[in-house]
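Only one structure is covered here, and it is reproduced in the block below.
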Amino acid sequence: MTTPTTRAGFDPVGTLEGGLAAALAAALEVDAESVAALLGPPRRPEMGDVAIACHRLARGSDASPPEIAQRLAGVAGQQASVGAAEATGPFLNLRWEPAALAVTVLDALVESRAHPAGLVGGDEGAGTTWVIDFSSPNAARTLGFHHLRGTAVGAALARLYEARGHQIVRLNHLGDYGHNIALLLHKLDTTGAAGTGAGGAISPQRLQALYVEANEDEASHPDEVGRASAAWLERLDAGDPTALERWELIVDATTASLDATYARLGIHFDEYRGESRYRESALEVSEKLVAAGVAEVDTDGGSVFVPPADGHQAIVLVTKRGASTYESRDAAAAIERHRDFDFDRCVYLTDIGQGGRFAAVFAALVRAGYDWAASCDHVGFGQMRLGGQKAKTREGRVVSLDEVVDEAIERAAAQVAERTDELADPASVAEAVGVGAVLFSQCRMRRPADFEFDLDDAVQFKGETGPRIQYAYARIASILAKAGTTLDAALTDGDPALLVHPAETRVLLAIGAVGPSARRAYEADDPSYLCDGLRGVADAWASYQNAGRDDTALRVLSEDQTLRRARLRLAAAAAVAVRDGLAVLGVSAPERM
RNA sequence: GCCCUCGUAGCUCAGGGGAUAGAGCACCGGUUUCCUAAACCGGGUGUCGGAGGUUCGAAUCCUCCCGAGGGCGCCA
């Protein structure tokens, strides 16, 4: 009963359930697995902490489901971990013995501190390397608002994978090839030295201005600019030194700009690997796929393509004009990644619409003998809408990610200023809250679902938001401070067996649920499940703490010193659960706000 | 035409074959001599897009239809 920290991580309630399932299974002479699979939360919390539907257990038995439920109620009632067991028709509802639950949860939580990621950690990934490719911005442009979801979710997944024991390589597949670049090469040519500053470098701001001008040029003189740009792209393809030199200026300015934005969000990459890097290797891959009989050369135009196969769409590897394509460059990139990192899995986080394309590329590689390509996974996310429209533009222009973050921080600052408490550093709190609001808003929706983004909602500090969860942490921190103790000290002090009030049980169950929520998020490549778990703790804690307003007997800082220590331990546990979970999402937890 | 994602409360979204389908927002009321009222408590909403089918049991699985968005060999 005291081995809650397993390979699958912190799951004290699972430990209790396992013991219960074993006892029930023994009574029915069936295997524990099949009983454990039927255990789940009841429809409504008033019914109990855990329930079991007995219909399936009645199969192949003389007894009816209600009879089974009745019988199991008797067996369950004998368990030390069970406080109450009641058969309701074909269902068995039961409550854990509160003290047993408290001891199990809080002991497990202390044990989980041994893991670097705490209670959201696990060891499933030990000894394996995963590559994750996310954000994928374009050169010559600042990070746009439409990159927010992939960036926030990707960073969260990378941290989650690390928490689960994987070695992680974060890659940013920069769109440093094609039209945008061509346009800017031409622009740099026409503006000459005016385009560059001291030392020849281009500042991100200058680059952005040039990009806007270049697009205006194209709009007003499409034919002329189009021809000139295309010529520059050819020079670049041919390895022309001037073209390469300018290309480098553009990419350097881009990454400088991107890094600044990522830094605000607490995100970093191990490497940028732009598409242009695969200009030649893409053509080599194409040849290999032809040689393997996977790709064909089109008799009409000389292009190279992979015909539709096994339900996958057709993909073009080389165009009629002999240029690589998105698909062949992706194939080349995958091969390079496997060579460089020897990954066990390579995750591509992009919008869901690209799933078919990636699947076709990976399948073609597998058919050509690159068996490892079966461990390349496209993980897609739904589209963000703004006022019912695609997030890419608003009022006809690209909304930059920086603008959104600025606005979020501004609103957070206004809120913080309103409660001019003795905050030592209101600006840093506003930043933590603003950034937290933005990141959390991106992670909380189920990954594949489209969702309507509303900055007002995200930054509104109530409801299902990051700030509300941060607030729960801050309130606990405040209590601990008032008690003159620290989180770490409180966590191992006090007797859990005293935490038997229903409001306390609710907090304990919520804390216990965070581990499984992290595991599920990990298994589904979807941080939203973790968000659910954190929200549960914040809800339960807020409810508990507010109950203490009306009923002084429920105060954490009880007159009874023994009870007080136990409750401080519960508070610390809730705080740790929230903090560990938010950390995975990239959201910090200020001590005061 | 084919493929993918989806359709659940006024809005934004959860629902891992099981009970009376749930949260948040918005709206209305209540709770601050109090451990932070950015909170909490209470108040009510549903042809689960439609029709069949499988099942003891379907929002959930299968088929068809309707509707939305996205993708579908030479753009990135």
Side-chain angles (χ1 to χ4, degrees), chain A residues 37-38 40 42-44 47 51-56 58-59 64-65 88-91 93 138 175 177-181 275 296 298 300-308 311-323 325-327 329 351-357 359-360 380 382-383 385 390 412 415-416 418-419 421 433 444-446 448-454 456-457 460-465 467-468 470-472 474-483 520 524 528 532 535 538-539 541-550 552 554-558 567-568 571 592-593:
Chain A
L38 293 171
R43 173 64 71 191
R44 292 202 307 280
M47 295 170 170
I52 178 165
C54 301
H55 311 79
R56 214 178 300 271
R59 276 190 196 161
S64 67
T88 308
F91 295 91
N93 293 321
N138 291 306
Y177 187 73
H179 187 67
N180 290 335
I181 290 289
E275 283 185 82
E296 298 170 18
D298 189 346
D300 290 343
S303 64
V304 181
F305 69 103
V306 179
H312 293 295
Q313 66 191 47
I315 48 178
V316 173
L317 299 176
V318 181
T319 70
K320 265 190 270 199
R321 290 175 304 187
T325 62
Y326 229 40
E327 287 77 9
R329 290 195 290 274
D351 73 83
I352 218 163
Q354 295 190 53
R357 207 171 60 69
Q383 204 173 65
R385 298 180 304 267
K390 288 179 68 172
Q415 296 282 341
V416 168
E418 262 180 39
R419 29 178 53 219
D421 283 331
V433 172
R444 72 171 251 258
M445 300 300 179
R446 294 288 175 260
D450 290 352
F451 79 96
E452 176 74 30
F453 179 79
D454 187 328
D456 291 330
D457 280 352
Q460 204 159 29
F461 304 143
K462 55 185 166 183
E464 294 178 54
T465 67
R468 185 165 152 279
Q470 290 174 313
Y471 182 54
R475 287 175 83 184
I476 296 173
S478 179
I479 293 176
L480 293 173
K482 187 166 180 180
R520 189 173 177 193
S528 70
D532 290 350
R535 199 189 141 209
D539 281 352
W541 181 264
S543 187
Y544 175 55
Q545 186 169 339
N546 270 68
R549 284 172 164 278
D550 303 325
T552 49
L554 274 179
R555 296 279 173 90
V556 171
L557 301 179
S558 167
R567 286 177 173 171
L568 283 168
R592 301 185 63 84
M593 60 187 279

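Bear in mind the structure is a predicted one, so any value in this text is a computation, not a measurement.
- Pairing of B:rU60, defined by two Watson-Crick or G-U wobble distances under 3.5 Å, is not identified with any nucleotide.
- Comparing B:rU36, B:rG15, B:rC40 by their nearest atom to the side chain of A:N546 picks out B:rC40.
- With hydrogens and angles ignored, no donor-acceptor pair closer than 3.5 Å exists between the side chain of A:D550 and the base of B:rC40.
- Atoms CG (A:D351) and C1' (B:rA76) sit 13 Å apart, rounded to a whole Å.
- Rounded to whole Å, atom C1' of B:rC35 lies 8 Å from atom CZ of A:R475.
- Residue order along RNA chain B, read from the 5' end via each residue's closest nucleotide, puts A:P42 first among A:V306 and A:P42.
- For A:R535, the listed nucleotide lying nearest its side chain is B:rG24; candidates were B:rG24, B:rA14, B:rG70.
- Of the N and O atoms on the side chains of A:R44 and A:N93, not one donor lies less than 3.5 Å from an acceptor on the other residue.
- Between A:D550 and A:R555, none of the side-chain N atoms (NZ, or NE/NH1/NH2) sits under 4.0 Å from a carboxylate O, so this pair counts as no salt bridge.
- Neither OP1 nor OP2 of B:rU36 sits under 4.0 Å from any side-chain N or O of A:R468.
- Side-chain atoms of A:D450 come within 3.5 Å of backbone N or O of A:Q383 as a donor-acceptor pair.
- Here A:Y177 does not pack flat against the base of B:rA76, since the 5.5 angstrom centre distance and 30 degree tilt limits are not both met.
- Distance from the side chain of A:K462 is smallest for B:rC25 among the nucleotides B:rG15, B:rC25, B:rC72.
- Residue A:M593 places its side chain closer to B:rU36 than to any other of B:rC40, B:rU36, B:rC56.
- Here B:rU36 is the nucleotide among B:rU36, B:rG69, B:rC35 with the atom lying nearest to any side-chain atom of A:S478.
- Comparing B:rC65 with B:rG29, their C1' atoms are spaced 46 Å from each other, to the whole Å.
- One atom, CZ of A:R56, and another, P of B:rU55, lie 14 Å apart when rounded to the nearest Å.
- Scanning all heavy atoms of the two residues, the minimum distance from A:T465 to A:D457 falls at CG2-O, 3.7 Å.
- The C1' atoms of B:rG24 and B:rU45 are separated by 15 Å, rounded to the nearest whole Å.
- Comparing A:R444 and A:P307 by the nucleotide of RNA chain B whose heavy atom lies nearest to each, the residue mapping closer to the 5' end is A:R444.
- Between the OH atom of A:Y326 and the P atom of B:rC75 there is a distance of 14 Å, rounded to whole Å.
- The shortest non-hydrogen separation linking A:R567 to A:S558 is NH1-CB, 4.2 Å.
- Distances were taken from every side-chain heavy atom of A:E452 (C-beta onward) to each of B:rC40, B:rC13, B:rG24; the shortest belongs to B:rC13.
- When both pairing distances are held under 3.5 Å, B:rU47 makes no Watson-Crick or G-U pair with any nucleotide shown.
- Considering only the side chain of A:E464, B:rG24 comes nearest among B:rG24, B:rC40, B:rC56.
- When the C1' atom is used for both B:rG10 and B:rC27, the distance is 10 Å, rounded to whole Å.
- Checking B:rU36, B:rC41, B:rC74 against every side-chain atom of A:S543, the shortest atom distance belongs to B:rC41.
- Among B:rC74, B:rC25, B:rC35, the nucleotide with an atom closest to any side-chain atom of A:D457 is B:rC25.
- Judged by distance alone with a 3.5 Å cut-off, no donor-acceptor contact links the side chain of A:T319 to the base of B:rC74.
- Within the 4.0 Å cut-off from OP1 or OP2 of B:rA21, not a single side-chain nitrogen or oxygen of A:R44 is found.
- In this model, a side-chain donor or acceptor of A:H55 finds a partner on the base of B:rG18 within 3.5 Å.
- Listed candidates were B:rA39, B:rG69, B:rC35. Nearest to the side chain of A:L557 is B:rC35.
- The heavy-atom pair separating A:S528 from A:R444 by the smallest distance is CB-O, 3.2 Å.
- Distances shown here put a side-chain N or O of A:R321 below 4.0 Å from the OP1 or OP2 atom of B:rC75.
- Of the C1' atoms belonging to B:rA9 and B:rG49, the separation is 15 Å, rounded to the nearest Å.
- Distance A:H312 NE2 to B:rC3 P: 15 Å, rounded to the nearest Å.
- A gap of 22 Å separates the C1' atoms of B:rA14 and B:rC40, to the nearest Å.
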